[in-house]
Amino acid sequence: MSIVKDMALAPSGRRKISWVRDFMPALGGIEARFVKEQPFAGLRVAVSVHLEAKTANLGYVLAKGGAEVRLTGSNPLSTQDDVAAGLADLGVETFGIHGASAEEYESHLIETLKFKPHLIVDDGGDLIHLLGGKCAELGENLIGGCEETTTGILRLKAREREGILPCPMMAVNDAKAKHYYDNKYGTGQSVWDAIMHTSNLVVAGKTVVVAGYGWCGKGVAMRASGMGANVIVCEVDPFKALDATMNGFRVMPMDEAARYGDIFVTVTGCKDVIVPRHFAVMKHNAILTNAGHFDCEVDVAGLAEMAVKREVRRDNIEGFTLPDGRVLNVIGEGRLVNLAAGNGHPAEIMDMSFAVQALALEWLVKHKDGLEKKVYQVPAEIDDEIGRVKLAAMGLAIDTLTPEQVDYLNGWKA
C-alpha cells in the first residue's frame with residue numbers, strides 16, 4: 001500500500017511522467033526490450049532516488065521489465081507529491097511525502113525495503129545504510145545494487161574497505177554516461193534554473209563562488225560564466241584548482257572568497273564548507289546554496305545561532321539577520337538546491353543516467369553468481385551502448401574505425 005500525500009494529485013503527476021517519457025528516448029528503447037525479455041521477472045527492486053518525474057519513469061520501466069518495484073525519495077524536500085501519487089496510480093508502490101520529518105523519511109525508506117528486495121537503486125547511500133545496520137534482515141535476498149552519486153560511492157568504498165558492504169554495488173556515478181553529462185550539464189543547468197526561479201534575480205555581473213571543481217562544479221561554474229557572472233572557484237585539489245584557473249576562473253580559499261561572493265554554490269560532497277567565520281565577512285544579501293548531496297556543506301545551524309532574526313523572505317528562501325544588520329539568504333534550507341527549489345536535471349540528461357541504472361541492474365542479474373561484496377565499475381559496453389542509442393535518438397552519426405585502424409591502435413608498430 002503506497003504512502004503518498006493525496007491520490008487526488010495523481011492526474012497532475014501522470015502528466016509530468018508522460019511529458020518526461022517523451023524526452024527520454026534511450027530509456028524508452030531499453031523499456032521496449034525489457035518488455036519483450038522480462039529480465040527482472042520474479043525479482044523485487046527497491047529504489048531510493050529523488051522522487052520526481054524522471055525517477056518515476058525509471059521505476060515504471062523496471063516494472064515493465066518484470067520487476068516488483070517499490071520506490072521512495074532520497075531527500076524529503078525533493079519529493080513531488082503529485083508525481084508520487086501519479087506513480088502509485090500507475091501501479092508502482094510509492095512511499096514519499098514532500099517535507100516529511102526525519103522520522104517519517106526513514107519510515108518511508110524502511111517501507112520500501114520491507115518486501116526484502118533482490119536489487120536496489122540508491123542515491124546517497126540511505127538504503128545501504130539501513131541494510132548494513134538496523135534493517136540488515138531485510139537484505140537476505142540481495143543480489144546487488146546501483147549508487148547514483150559521488151557522495152554515495154565514497155561511502156560504499158569506505159564500507160568495502162571495512163568489510164561491511166552488504167552486497168555488490170555498481171558505481172553508476174563513475175560511468176561516462178553519468179558523470180560527463182548528468183554531473184556537468186545536468187547540475188550546471190538545474191542549479192541555475194532553481195536559483196534564478198526562486199530568487200528572481202539576475203546572474204550577470206554578480207560574483208559567484210563555486211566550492212568544488214569536480215564534474216558538478218565545472219558545470220555550475222561554466223553556466224554562471226556563460227550568463228555573465230564573475231566566477232571564483234574554491235578547491236582543495238591542486239590539479240582541479242589549476243584546471244579552474246586555466247578555464248579562466250579566479251581561484252582562492254573560501255576564507256578569502258567569502259568577502260566577495262554575491263551567490264555561493266557548494267558542490268563538494270564534504271561537510272563544513274561554509275561556516276560561521278565565513279558568514280561573519282559576507283556581503284549583505286549574499287545568497288547561499290548547496291548542490292552537494294547532503295545538507296551539511298553550508299552550516300545553516302551555525303548561521304541560525306549567529307542570527308538575531310530568521311524569516312521566510314520568498315518561497316524557499318530564508319533570511320538570517322546578523323547582529324550588524326546584514327542579511328544572508330539561504331535557498332532550500334541548504335539542501336540540494338536544484339531539487340529542493342527546482343525540478344532537478346533536464347529529462348534528456350536523466351535519460352542517460354537512468355539508462356545506466358537500468359542496464360547496470362540487468363548486468364547484476366546476469367552475473368550474480370560470480371560477484372563479491374565490493375564496488376564494481378559499470379562495464380564499458382554499457383556506456384558505449386547508451387552513447388550510441390543517445391546519438392541515434394538525436395539524429396547524429398559518428399565515424400567508425402576500420403579493422404586496419406583498430407589493429408594500428410592496438411599494435412606497437414608505427
Answer yes when K157 and E162 have at least one side-chain N-carboxylate O distance shorter than 4.0 Å, and no when they do not.
no
Ion pair present between E362 and R33, side-chain N to carboxylate O less than 4.0 angstrom?
yes
Please report the interatomic distance OG(S353) to CD(E148), rounded to the nearest 0.5 Å.
5.5 Å
Nearest heavy-atom neighbours spanning G144 and C167:
CA-SG, 3.9 Å
D193 versus P346: any side-chain heavy-atom pair under 4.5 Å?
no
What are the two closest heavy atoms between G73 and S48, and how far apart are they?
O-OG, 2.9 Å
I'd like to check P379 versus M170 (side-chain heavy atoms, cut-off strictly below 4.5 Å). Are they in contact?
yes
When you compare the side chains of K178 and N183, does any donor N or O come within less than 3.5 Å of an acceptor on the partner?
yes
What I'd like to find out is whether the side chain of D384 reaches to under 4.5 Å of the side chain of K176, using heavy atoms alone.
yes
Side chains of D126 and Y105, donor plus acceptor under 3.5 Å:
yes
Distance (rounded to the nearest 0.5 Å) between E333 CD and N290 CG
12.0 Å
For K64, I'd like to know if atom NZ has over 12 heavy atoms of other residues, nucleotides or ligands within 6.0 Å.
no
Any side-chain heavy atom of I120 within less than 4.5 Å of one from V47?
no
Sub-4.5 Å side-chain heavy-atom contact between M352 and M350
no
Would you check, one step at a time, whether the test side-chain hydrogen bond (donor to acceptor under 3.5 Å, both in side chains) holds for S190 with H345?
CA-CA 5 Å; S190 63; H345 292 356; 2.9 Å; yes
Between W192 (side chain) and V220 (backbone), is there a donor-acceptor pair under 3.5 Å?
yes
In sequence, state the C-alpha distance, the side-chain angles, and the governing distance for E31 and K36, and then conclude on salt bridge (charged side-chain N to carboxylate O under 4.0 Å, His left out).
CA-CA 9 Å; E31 177 185 346; K36 295 177 183 177; over 6 Å; no
Parallel, tilted or perpendicular, judged at 30° and 60°: which one describes the rings of H50 and H293?
tilted
Under 3.5 Å, is there a donor on one side chain and an acceptor on the other for D174 and H179?
no
Determine whether a donor-acceptor pair (N or O, by modelled atom type, separation under 3.5 Å) exists between the side chain of K54 and the backbone of D351.
no
Side chains of D262 and V208, heavy atoms from C-beta outward: is any pair under 4.5 Å?
no
Indicate yes or no for a side-chain donor-acceptor contact from E93 to the backbone of A88 under 3.5 Å, with no hydrogens or angles considered.
no
Could you tell me which residues satisfy side chain to side chain contact (heavy atoms under 4.5 Å, CB included) with A221, sequence neighbours excluded, listed by chain and number?
V210, Y213, V231, F249
Check whether the ring centres of F320 and F279 lie less than 6.0 Å apart, and answer yes or no.
no
Point-to-point distance, once rounded to the nearest 0.5 Å, from CZ of F294 to OG1 of T268
12.0 Å
Looking only at atom types and distance, does a side-chain atom of H284 sit under 3.5 Å from a main-chain N or O of V327, one as donor and one as acceptor?
yes
Considering only heavy atoms from C-beta outward, does the side chain of I17 approach that of Y60 to under 4.5 Å?
no
Whether Y181 and Y185 hold their rings parallel, tilted or perpendicular, with breakpoints at 30° and 60°
parallel
Heavy-atom pair with the smallest gap, counting every atom of L364 and C146:
CD1-SG, 4.4 Å
Is K374 close enough and on-axis enough to Y376, meaning under 6.0 Å and within 45°, for cation-pi?
yes
Which atoms form the tightest heavy-atom contact between D6 and A8, and what is the distance?
OD1-N, 2.9 Å
Quick check: closest heavy atoms across P166 and I128, and the distance to 0.1 Å?
CG-CD1, 3.8 Å
Are E147 and R155 ion-paired here, with the side-chain N under 4.0 Å from a carboxylate O?
no
With rounding to the nearest 0.5 Å, note down the distance linking CD in Q80 to CG in L87.
12.0 Å
When you measure from the centre of the six-membered ring of F95, is the NZ or CZ of R70 closer than 6.0 Å and no more than 45° off the axis?
no
So do H197 and D315 actually touch side chain to side chain, heavy atoms under 4.5 Å?
no
D81 CG to E52 CD distance, which is reported to the nearest 0.5 Å:
13.0 Å
Is the closest side-chain donor-acceptor distance between R335 and N316 under 3.5 Å?
no
Taking atom CZ of R259 and atom OG1 of T207, what is their separation to the nearest 0.5 Å?
14.5 Å
May I ask you to decide whether E318 forms a salt bridge with R310, counting only side-chain N to carboxylate O separations under 4.0 Å?
yes
What are the two closest heavy atoms between V267 and G217, and how far apart are they?
CG1-N, 3.9 Å
